[in-house]
Protein chains: 2
Amino acid sequence: MQNKDDFDLQSFLPFLLNQAAEESSLAFQRVYKGRYGMLRNEWRVLFHLGVYGQMTAKEIAERSKMHKTKISRAVQRLAERRYLTRTRDGRDRRSERLALTPAGESVYRDLRSVAEEYDSHLARQFTRGEEALLRMMLRRLAGMG
Amino acid sequence: MQNKDDFDLQSFLPFLLNQAAEESSLAFQRVYKGRYGMLRNEWRVLFHLGVYGQMTAKEIAERSKMHKTKISRAVQRLAERRYLTRTRDGRDRRSERLALTPAGESVYRDLRSVAEEYDSHLARQFTRGEEALLRMMLRRLAGMG
DNA sequence: CCTTGTTAGTTACAAAATCAACTATTACCC
DNA sequence: GGGTAATAGTTGATTTTGTAACTAACAAGG
């Protein structure tokens, strides 16, 4: 089917980025969902804690741009499964410090190794230079650059 | 806050792509939502029809990788607002040909010009060469390349 | 034709996202 | 201090999505 119009939808960055994001998330999603029954927001919270150590929900929100209600509910589910503990901050008792339990750490380490392998699988399609440029451009587009 | 771990979450492609996709969709979303009360799936269907002319839901699904239930619901809403018409295909009466009405065309043209401008705004952060490379890599990651 | 299988699209019900209102605590400032 | 505003996080009502089951039309083989 040829274009009736000259607009190139398949090159429109918001569209293209969404397609690429969805496609690239799929294989990893199957792992955390299948192995641990986790949702997208849950692995994100888990990874933030695994990577950065203990954080508050607010700090996770700033880094991930997830909405606070998503974080709140993801934290609840992770706490139910004993993947993390919540302890009120002494200085500011509104917030709580979240930290992975040993069980959470172990899930994190398993998923991290899957993530590392999958990431290099994705990157293998490009040259080293292209790959570095891609990450740089994405960080810029994400407002993280 | 420094990494406790050596895994670089902010460079993990599925994460980075999602962040970039969400961020880059925001400004455009405000327009189609604010001006026409449309949802993401609706502008996608509208754009497919605007760009490619009349299509069936199935053809849209193949091109956009949207699930058929999303398309079905987006089509319903667009039909209610008289942005498109649905006519049963004579040869295969299971499927219907979707086509924009004049009102739909006019909404499409308006949003298309916003999209064009926004896309070049996003691309302006990069050199021509980088931009072309970016789109190529995204198409590859999206399985469209 | 009649059974079996496939395909286009819709719908029902459960799960998840969104948005606004809410609680509890801290900060500001007169 | 005492009042007002801001902040961290939760909850509830509504909307949207996801999964699976469903209808209707076609297809192919006997």
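Chain naming here is simple, since letters A, B, ... match the order of the sequence lines and numbering starts at 1 in each.
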Figure out the [atom1]/[atom2] separation between [X] and [N], and round it to whole Å.
X: A:M66; N: C:dT18; atom1: CE; atom2: C1'; result: 14 Å
X: A:R44; N: C:dA17; atom1: CZ; atom2: P; result: 11 Å
X: B:R30; N: C:dC19; atom1: CZ; atom2: C1'; result: 16 Å
X: A:D92; N: C:dA24; atom1: CG; atom2: C1'; result: 11 Å
X: B:Q29; N: C:dA17; atom1: CD; atom2: P; result: 15 Å
X: A:H67; N: C:dA21; atom1: NE2; atom2: C1'; result: 13 Å
X: A:K68; N: C:dT23; atom1: NZ; atom2: P; result: 14 Å
X: B:E22; N: C:dA17; atom1: CD; atom2: C1'; result: 11 Å

By nearest atom, which of the nucleotides [options] is closest to the [X] side chain?
X: B:S72; options: C:dT10, C:dG9, C:dA24; answer: C:dT10
X: B:K58; options: C:dA24, C:dC19, C:dA8; answer: C:dA8
X: A:T69; options: C:dT26, C:dA8, C:dA20; answer: C:dA20

Assuming nearest nucleotide by heavy-atom distance, tell me which of B:E62 and A:K70 is located more 5' along DNA chain C.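 Nearest nucleotide further toward 5': that of B:E62.
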
Please list all pairs passing the salt bridge (Lys or Arg N to Asp or Glu O under 4.0 Å) test where one or both residues lie in residues 16-28 of chain B, with sequence neighbours left out.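 Residue pairs with at least one partner in residues 16-28 of chain B: A:K65-B:E23.
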
Select from A:Q76 and B:R91 the residue whose nearest nucleotide in DNA chain D is closer to the 5' end of that strand.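 In this pair, the answer is A:Q76.
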
Looking at every heavy atom in both [X] and [Y], which two are closest together, and how far apart are they?
X: B:S24; Y: B:L122; answer: CB-CD1, 4.1 Å
X: A:M55; Y: A:H48; answer: SD-O, 3.8 Å
X: A:Q19; Y: B:S64; answer: OE1-O, 3.0 Å

Only one of A:Y32, A:Y52, A:Y108 forms a ring-ring contact (aromatic ring centres under 6.0 Å, His included) with A:F47, so which one is it?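 Among the candidates, only A:Y108 passes.
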
On DNA chain D, which is the earliest and which the latest nucleotide, 5' to 3', with an atom closer than 4.0 Å to a heavy atom of chain A?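 Endpoints of the contacted stretch of DNA chain D: D:dA6 to D:dT19.
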
Would the number of heavy atoms belonging to other residues, nucleotides or ligands and lying under 6.0 Å from CZ of B:R82 be above 12?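 No - once you tally the heavy atoms of other residues, nucleotides and ligands closer than 6.0 Å, there are 12 at most.
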
Does the side chain of B:T56 come under 3.5 Å of the side chain of B:D89 through a donor N or O and an acceptor N or O?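 Note: B:T56 and B:D89 side chains miss the donor-acceptor criterion.
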
Backbone of B:R124 reached by a side-chain donor or acceptor of B:E131 within 3.5 Å: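 Answer holds: no.
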
Apply the test side-chain contact (heavy atoms from CB on, under 4.5 Å) to residues A:L141 and B:Q125: give CA-CA distance (whole Å), side-chain angles for both, the deciding distance (0.1 Å), then the verdict. CA-CA 9 Å; A:L141 287 168; B:Q125 310 178 59; 3.6 Å; yes

Pairs under 3.5 angstrom, nitrogen or oxygen only, protein versus nucleotides 14-16 of chain C, please.
none

